[in-house]
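Quick notes on the structure that follows.
Just so you know, ligand 1 is whichever comes first in the structure, and atom 1 is the first atom listed for that ligand. From a predicted model like this one, the values you see are computed outputs, not experimental measurements.
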Amino acid sequence: MTADPTTDPLAHVRDLFDLDDDVVYLDGNSLGAPPKNVAARVQEVITHQWGRRLIRGWSEGWWEAPERVGDRIGRLIGAAPGQVVVGDSTSVNVFKALMAAVRGTDRAEIVVDAGTFPTDGYLARSVAELTGLELRPADPREPGLSERTAVVLLNHVDYLTGRLLDMAELTARAHEVGAKVVWDLCHSAGVLPIELDALGVDLAVGCTYKFLNGGPGSPSFLYVPTAAQPGFHQPLTGWTGHRAPFAMAPDYVPGPGVSRARVGTPDILSMLALDAALDVWDRVELADVRAKGLALTAHFRALVEDLPGVGVLTPADEWRGHQVSLRHPDAEGIMRRLVDRQVIGDFRPPDVLRFGFAPLYNSFRDAERAAAALRQVL
Ligand SMILES: Cc1ncc(COP(=O)(O)O)c(C=O)c1O
Ligand SMILES: Nc1c(O)cccc1C(=O)C[C@H](N)C(=O)O
């Protein structure tokens with residue numbers, strides 16, 4: 001795909017989003033923009049489902065929403081039905097996944113990407129402390145896995161640089177030494193082609209408030225493949241993961257299938273806002289989304305890479321997600337001035353400017369307006 005908007009097969013999709021035309025929003029990798037249908041759906045859920053049906057709502061679709069919405073996300077990440085459940089935060093799901101992955105292991109170490117988004121690193125450390133395993137931060141491309149490794153936690157796309165890891169190769173490398181792999185898909189779900197089933201991935205987690213546009217704090221998802229489900233024993237044995245939650249039995253027996261990854265009462269308002277947001281994906285091809293993400297980021301990069309004092313952190317080749325990260329000693333001040341000019345990206349310490357490109361609603365014109373503003377500010 002070129003930067004010519006007339007050849008952009010997704011140009012019309014922007015109309016499905018509630019965005020101000022004078023704002024260039026390049027932070028959808030942190031908080032996605034609202035699809036227009038979400039407000040009406042949430043209103044309907046409050047007024048008609050909650051308001052009129054009251055407690056009956058639970059038996060009229062709410063209870064099964066975590067698995068039903070999970071299946072919709074499964075279609076975007078190469079997971080057949082019955083393997084994805086939505087609920088809790090990504091942080092909580094990282095904890096559940098890692099604890100389940102190391103349970104009963106006779107291996108010695110957990111490996112984590114040394115530059116990971118902090119919550120993943122903090123939780124990997126907690127799991128190591130709770131289980132007595134060692135935590136070894138490593139270069140994710142050369143993690144040095146061995147027969148000592150119980151599990152490796154990797155980010156598909158790095159939050160800071162936008163670097164994309166080779167999921168096929170790294171999953172195969174973990175499996176060669178008998179280690180498990182947990183993938184964090186926060187920065188790739190919904191915008192990159194992902195084939196969890198085909199690659200035999202052990203477990204995966206991800207956010208829904210970024211490129212999936214579920215709204216602030218929308219619940220996370222957790223993938224547990226069918227074959228691994230009977231052996232998946234997660235530590236947070238809440239009643240909604242029980243085989244018979246309404247039996248109110250004194251002892252915990254995990255539910256069948258992926259439901260055993262549930263913990264407590266699902267957040268229905270957020271869950272159904274996410275459900276509505278996912279409708280957009282029924283109208284687009286993931287291959288077009290990926291192609292546009294690459295084209296948008298290439299276009300922006302070409303416009304800014306020679307600006308004075310700027311270094312580009314994001315890989316120039318196709319091993320990148322849908323953001324361009326720039327390094328500049330005054331990154332924080334520059335981003336503040338860009339936001340004053342209605343160009344919204346974000347700053348990450350110590351010196352990184354991040355510009356996220358959401359192919360569903362960002363245009364090539366957005367890239368040009370952002371680059372022009374950056375040139376002015378510099
Ligand atoms: C890679 C990654 N993992 C996890 C999270 C966050 O997890 P939580 O939704 O629990 O705040 C983020 C962003 O906040 C992230 O970028
Ligand atoms: N989860 C966030 C939040 O609750 C507030 C502000 C930002 C975030 C983010 O998602 C940060 C994001 N994961 C990042 O890549 O930096």
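- In terms of protein heavy atoms, atom 16 (O) of ligand 1 is closest to H187 NE2, 2.7 Å.
- In this structure, the protein non-hydrogen atom closest to atom 9 (O) of ligand 1 is Y209 OH, 2.7 Å.
- Counting only N and O atoms by type, the side chains of Q83 and D71 include no donor and acceptor under 3.5 Å apart.
- Looking at ligand 2, you'll find an N or O of H187 within less than 3.5 Å of one of its N or O atoms.
- Ionic pairing of R301 and E305 is present here: one or more N-O contacts between side-chain nitrogen and carboxylate oxygen are shorter than 4.0 angstrom.
- Under the 3.5 Å distance criterion, with hydrogens and angles disregarded, no donor-acceptor pair is assigned to the side chains of Y223 and N93.
- The part of N155 lying near ligand 1 is the side chain, judged by heavy-atom distances below 4.0 Å.
- Contacts of S91 with ligand 1, taken as heavy-atom pairs under 4.0 Å, involve both backbone and side chain.
- The proximity of T90 to ligand 1, defined as any non-hydrogen pair under 4.0 Å, involves the side chain as well as the backbone.
- Contact atoms of ligand 2 toward R354: 14 (C), 15 (O), 16 (O) (distance under 4.0 Å to a heavy atom of the residue).
- Checked against a 3.5 angstrom limit, the closest N/O atoms of Y159 and ligand 2 fall outside it.
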When the side chains of residues 9-22 are checked against the rest of the protein, which donor-acceptor pairs come out under 3.5 Å, sequence neighbours left out?
{"from": "H12", "atom 1": "ND1", "to": "P9", "atom 2": "O", "distance (Å)": "3.4"}
{"from": "R14", "atom 1": "NH1", "to": "Y361", "atom 2": "O", "distance (Å)": "2.8"}
{"from": "R14", "atom 1": "NH1", "to": "D366", "atom 2": "OD2", "distance (Å)": "3.4"}

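- Nearest protein neighbour of atom 3 (N) of ligand 1, counting heavy atoms only, is D184 OD2, 2.8 Å.
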Show which side-chain atoms of residues 159-166 pair as donor or acceptor with protein atoms under 3.5 Å away, not counting sequence neighbours.
{"from": "T161", "atom 1": "OG1", "to": "D158", "atom 2": "OD2", "distance (Å)": "3.0"}
{"from": "T161", "atom 1": "OG1", "to": "R163", "atom 2": "N", "distance (Å)": "3.1"}
{"from": "D166", "atom 1": "OD1", "to": "A168", "atom 2": "N", "distance (Å)": "3.2"}
{"from": "D166", "atom 1": "OD1", "to": "E169", "atom 2": "N", "distance (Å)": "3.1"}

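- Among all non-hydrogen protein atoms, the one lying nearest atom 13 (C) of ligand 1 is K210 NZ, 3.2 Å.
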